Each structure stands twice: as structure tokens, then as C-alpha cells.
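Have a look at the structure below before the remarks.
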Amino acid sequence: MENRWTVFFLILPFLNIYYFKLEDIKPIILLCQLIVIILALVIIFKNLNIFIILLICLMSIVLFSSAINHTLSFGIIFSILGLISLCIYISYLILNYPSELLKGLFYLCGTVLVINFTTLLLPDGIATSWNGYPIFFLGGKNSVQLTTIMCIGIIAVYSYYFHQKLKILYFSLIIIGIISMFLSQSGTGIVLSLLLLSYLFVRIPVTLNRFLLFYLILFFSIVIFRAHEVLFGDFLINYLHKDLTFTGRTLIWDYVLDILPNSWLLGFGRGSSLISNSFDNLYETHNGVLEILMSSGYLGIIFFTLIIFMIGNKLDKSKNDISKALTMTIMGLLILGLTESIFFKNEFWIILTMSYGVNNFINKSKEFL
């Protein structure tokens, strides 16, 4: 289970790939995920750390909230067990086989980036969504960003781990990922691609915990107070070609903020139809923090905040190229989380799990000096 190709094929089914959502393919994907769940049950007591304990607490609140709100289903239970198991498996590999883990993840991410980039070059993608937008290997234009950011971060970590610098091959793959985000024509993707490019060439020193304070201000400014309408209105309309509601997102945010007081402690659980009953063809809050609040209330957001700041402390203390790459990746994911519900996605938690184990990567990388 520690071989690089085993890592490749065990983690592959957890990624947000369009073909994995097709009804004919789903049973195979669920079976592959079940293997990881069983594996996690075997190794959990060998690798129980504070990160995994906090994650289990957060997901237990989500399950309990879903149960008392009568939205709990087999699909929700299985997806949450799968996410926890994936993190347990990766934590085990970081502790015992970090090199094989990174090789497997690098092969996986490199393959995914190249295939997705190829589909982005097709005029109509590989399929068409219900609203007429093209679909690519990693899904629609907004879905592409999540897995691409994760892949960029993992490729950077791989290069710094084995070579102590960003070699041309890995730099080229990262550029392919950044171009993919730009080609997806997502407003958020364009902003993120520019930020990642600036990091590659400028390398501004930013600690994660300082960024988290900035992120908190950004969340309140955009989601609560709508400061973007005054400060960035011209940029959004004339350059990103978006309206001031972020394609209707602010309407969803207002609705969520209105109903949250009805279940502020535990939220409404996963699988709630509150949003879909009020907005056609929409099922998520389109904001990571609001999604946590909707699913687990203020109790859940406490555990989520503990996890993020704990990881921030680990990364900020490391001061290594590996930790800097992971810090930038988390920053990108958090920014994406301002307009997308990604905080329950596997890719987000893969990066958080790797970040918690950053010291293992740094210590082991010294063997390749």
C-alpha cells in the first residue's frame, strides 16, 4: 500500500474528475474508495494524531447535524468516511513512506494536469453542462480550479523535496496548470492564476497565520459588507466581465445569512434542500465558510478554525521551500473558497494533511541534499 503506483491508483478515485461522476463508472469508484476506508480502519490506531482527531470531531458534528435535521443518507456517510480515511492513509504514508507518497502524487498530478489542459484546448470541451457551458476533464470552469491548485502545490513540493529547487520540468507543469486556470474562463481562476504567477517570480514572504487574519477581513468585507462593489466594481465588470453579485452568489450568501440563526449551533447538516428549494439548480452556498456553517454551525466552524490555525503554526515555523509551497497552495484554496464551496472537498483536505506533516517532508528531504 506504500508503493508509488498503489498511491496513484488509491488516491485517483477521490479526485474531482468528470468521468468519475458518470453513473456507469460510479460503482467502480465507490469500490476503490471502499478499499481505502477498510485500509484506514486497519492503520488508524498506528497513526492517530491531533489533526485526525480534530477532523473526526468536525465530521462527527456534520453527521450528527445531518441526522437531527433528517438529511442523513448513505451517500453522505460514505463520502465523509471516505474523506477521513483518505486523510488517515496519507498521514500514514507521510510518517512512514513520504518519498513514495510524493512520487505517486506527482505522477497522478502531472497526468491529471496534462490531460485536463488538452481538453481545455478543445473548442467545446468533452461535454456540455445543463446551462450550455463546456465541461473539461476536471469538470466545469469553476471545478477546474480546485484540483489544479492542489496539483500545482504537490508538484512544487515534489521538486523542492527531491531537488531543493524548482527544476524546469516541474516549473513547466506548474505553468501548464496556471494557463489551465486562465483558459477555464472562471473569474476566480483568472485572479488565482495571476496570484500564482506573482508568487513564482516575486516570492513575497507571507506567513499563513497572518494571511488568515487578512482572509477574515476579506470574508467580512466581501460576503457580509459587499466592499467589492465599491472598491473593485470596475475591475469585476470591465476586466473579469462579472456582475457585482458574482453571478448570483451574493444572493445565496444573503439567504444563508438570513436562515443561519435558525440553527446556529449545529447548522442544517449535509444534504439539506434549503438552497435548492430557493434557487434553481443550485445546491451549495458558493462560499467555504458559509458551507461549514450551514453543515455544522458555529460548533463546526470552531473545529475547522482550530485545524487551519494549527496547520498555519506548523508551516510558519518551518521556513522551508516545502512549507512555503504548501502555504501558497492553502492561500490559493482559501481564496477559491470565497466563491466556491470547497472546504468539504477531498483535494482541499489532501493539502491540509500534507501540511500537517510538513516536518516529516523537510526532515526526509535532507537525505537528497
Side-chain angles (χ1 to χ4, degrees), residues 1-4 6-8 10-11 43 46-55 86-110 149-171 173-174 177 195-196 199-212 306-334 346-369:
M1 67 180 175
E2 67 277 1
N3 177 272
R4 67 197 69 172
T6 306
V7 172
F8 182 105
L10 286 181
I11 295 180
I43 63 176
K46 299 177 183 178
N47 193 54
L48 198 61
N49 54 50
I50 186 64
F51 170 76
I52 297 297
I53 292 172
L54 289 174
L55 173 60
L86 177 64
C87 293
I88 291 171
Y89 175 56
I90 292 174
S91 291
Y92 172 79
L93 292 174
I94 291 172
L95 188 62
N96 298 285
Y97 309 98
S99 298
E100 289 298 304
L101 169 65
L102 282 180
K103 287 176 182 178
L105 285 174
F106 169 70
Y107 296 154
L108 177 59
C109 291
I149 293 172
M150 180 202 74
C151 290
I152 288 172
I154 287 173
I155 290 169
V157 169
Y158 178 90
S159 185
Y160 289 128
Y161 179 89
F162 286 105
H163 307 288
Q164 289 73 52
K165 62 181 180 180
L166 198 58
K167 298 192 76 174
I168 187 65
L169 170 63
Y170 314 116
F171 181 82
L173 284 171
I174 289 172
L195 287 173
L196 289 171
Y199 170 75
L200 286 176
F201 294 106
V202 180
R203 302 293 298 274
I204 300 171
V206 180
T207 63
L208 184 56
N209 277 340
R210 285 181 184 174
F211 175 81
L212 289 173
L306 286 173
I307 291 170
I308 296 296
F309 273 100
M310 178 181 67
I311 288 171
N313 285 331
K314 278 184 170 287
L315 292 175
D316 292 348
K317 288 177 181 178
S318 300
K319 297 180 180 179
N320 178 280
D321 283 331
I322 293 174
S323 62
K324 289 175 183 176
L326 288 168
T327 296
M328 192 63 195
T329 307
I330 293 176
M331 286 173 162
L333 291 170
L334 288 173
N346 295 324
E347 290 87 347
F348 179 72
W349 288 95
I350 287 173
I351 292 297
L352 291 189
T353 308
M354 292 178 65
S355 299
Y356 181 78
V358 65
N359 291 330
N360 293 75
F361 287 127
I362 292 172
N363 294 334
K364 194 69 175 179
S365 70
K366 294 175 183 177
E367 297 178 8
F368 302 96
L369 291 173

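Note: hydrogens, waters and symmetry copies are ignored here, and every other heavy atom, side chains too, is used. Please read all numbers here as calculations on a predicted model, not as lab measurements.
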For residues [X] and [Y], determine if any side-chain heavy atom of one lies less than 4.5 Å from a side-chain heavy atom of the other.
| X | Y | result |
| --- | --- | --- |
| I307 | Y356 | no |
| P98 | L93 | no |
| L333 | E347 | no |
| I174 | L166 | yes |
| V7 | I90 | no |
| Y89 | I11 | yes |
| F211 | I330 | no |
| W349 | L86 | no |

Next item on the list: Please report the C-alpha distance between L334 and M331 in whole Å, then the side-chain angles of each, then the deciding distance to 0.1 Å, and finally whether the side chain to side chain contact (heavy atoms under 4.5 Å, CB included) criterion is met.
Entry: CA-CA 5 Å; L334 288 173; M331 286 173 162; 5.7 Å; no
Margin query: K317: which residues meet the salt bridge (charged side-chain N to carboxylate O under 4.0 Å, His left out) condition with it, sequence neighbours left out?
Written below: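 K317: no salt bridge (charged side-chain N to carboxylate O under 4.0 Å, His left out) contacts found.
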Check: Do F171 and I155 pass the side chain to side chain contact (heavy atoms under 4.5 Å, CB included) test, and can you show the C-alpha distance, the side-chain angles, and the key distance before you say yes or no?
Finding: CA-CA 8 Å; F171 181 82; I155 290 169; over 6 Å; no
Margin query: Angle between ring planes, F162 versus F368, binned at 30° and 60°: parallel, tilted or perpendicular?
Written below: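 Perpendicular: the ring planes of F162 and F368 meet at over 60°.
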Nearest-0.5 Å distance that lies between atom [atom1] in [X] and atom [atom2] in [Y]:
| X | Y | atom1 | atom2 | answer |
| --- | --- | --- | --- | --- |
| T6 | E100 | OG1 | CD | 9.0 Å |
| K314 | T327 | NZ | OG1 | 13.0 Å |
| L315 | S355 | CG | OG | 4.5 Å |
| T329 | K324 | OG1 | NZ | 14.0 Å |
| Y161 | K103 | OH | NZ | 8.5 Å |
| L95 | K364 | CG | NZ | 11.0 Å |

Item checked: CA sep, side-chain torsions, deciding dist, call: Y158, L105, side chain to side chain contact (heavy atoms under 4.5 Å, CB included) -> CA-CA 9 Å; Y158 178 90; L105 285 174; over 6 Å; no
Margin query: So, using side chain to side chain donor-acceptor pair (under 3.5 Å) as the criterion, who are the partners of N209 when residues are at least two apart?
Written below: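 With sequence neighbours excluded, N209 shows a side chain to side chain donor-acceptor pair (under 3.5 Å) to N313, given in chain and number order.
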Do you know which two heavy atoms are closest between [X] and [Y], and how far apart they sit?
| X | Y | answer |
| --- | --- | --- |
| D316 | K319 | O-CG, 3.5 Å |
| T353 | C87 | OG1-SG, 3.3 Å |
| G312 | L208 | CA-CD2, 3.6 Å |
| V157 | M354 | CG1-CE, 4.4 Å |
| I154 | I350 | CD1-CG2, 4.4 Å |
| S91 | I52 | OG-CD1, 3.8 Å |

Next item on the list: Evaluate the criterion side chain to side chain contact (heavy atoms under 4.5 Å, CB included) for residue pair Y97 and Y92; output intermediate values, then yes/no.
Entry: CA-CA 8 Å; Y97 309 98; Y92 172 79; 3.9 Å; yes
Notebook entry, point to check: Just by modelled atom types, is the K167 backbone N or O under 3.5 Å from a matching donor or acceptor in the S159 side chain?
Noted result: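 Between the backbone of K167 and the side chain of S159 there is a qualifying donor-acceptor contact (under 3.5 Å).
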Margin query: Ring centroids only, cut at 6.0 angstrom: are Y170 and F106 within range, meaning strictly under it?
Written below: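 Yes - the distance between ring centres of Y170 and F106 falls below the 6.0 Å cut-off.
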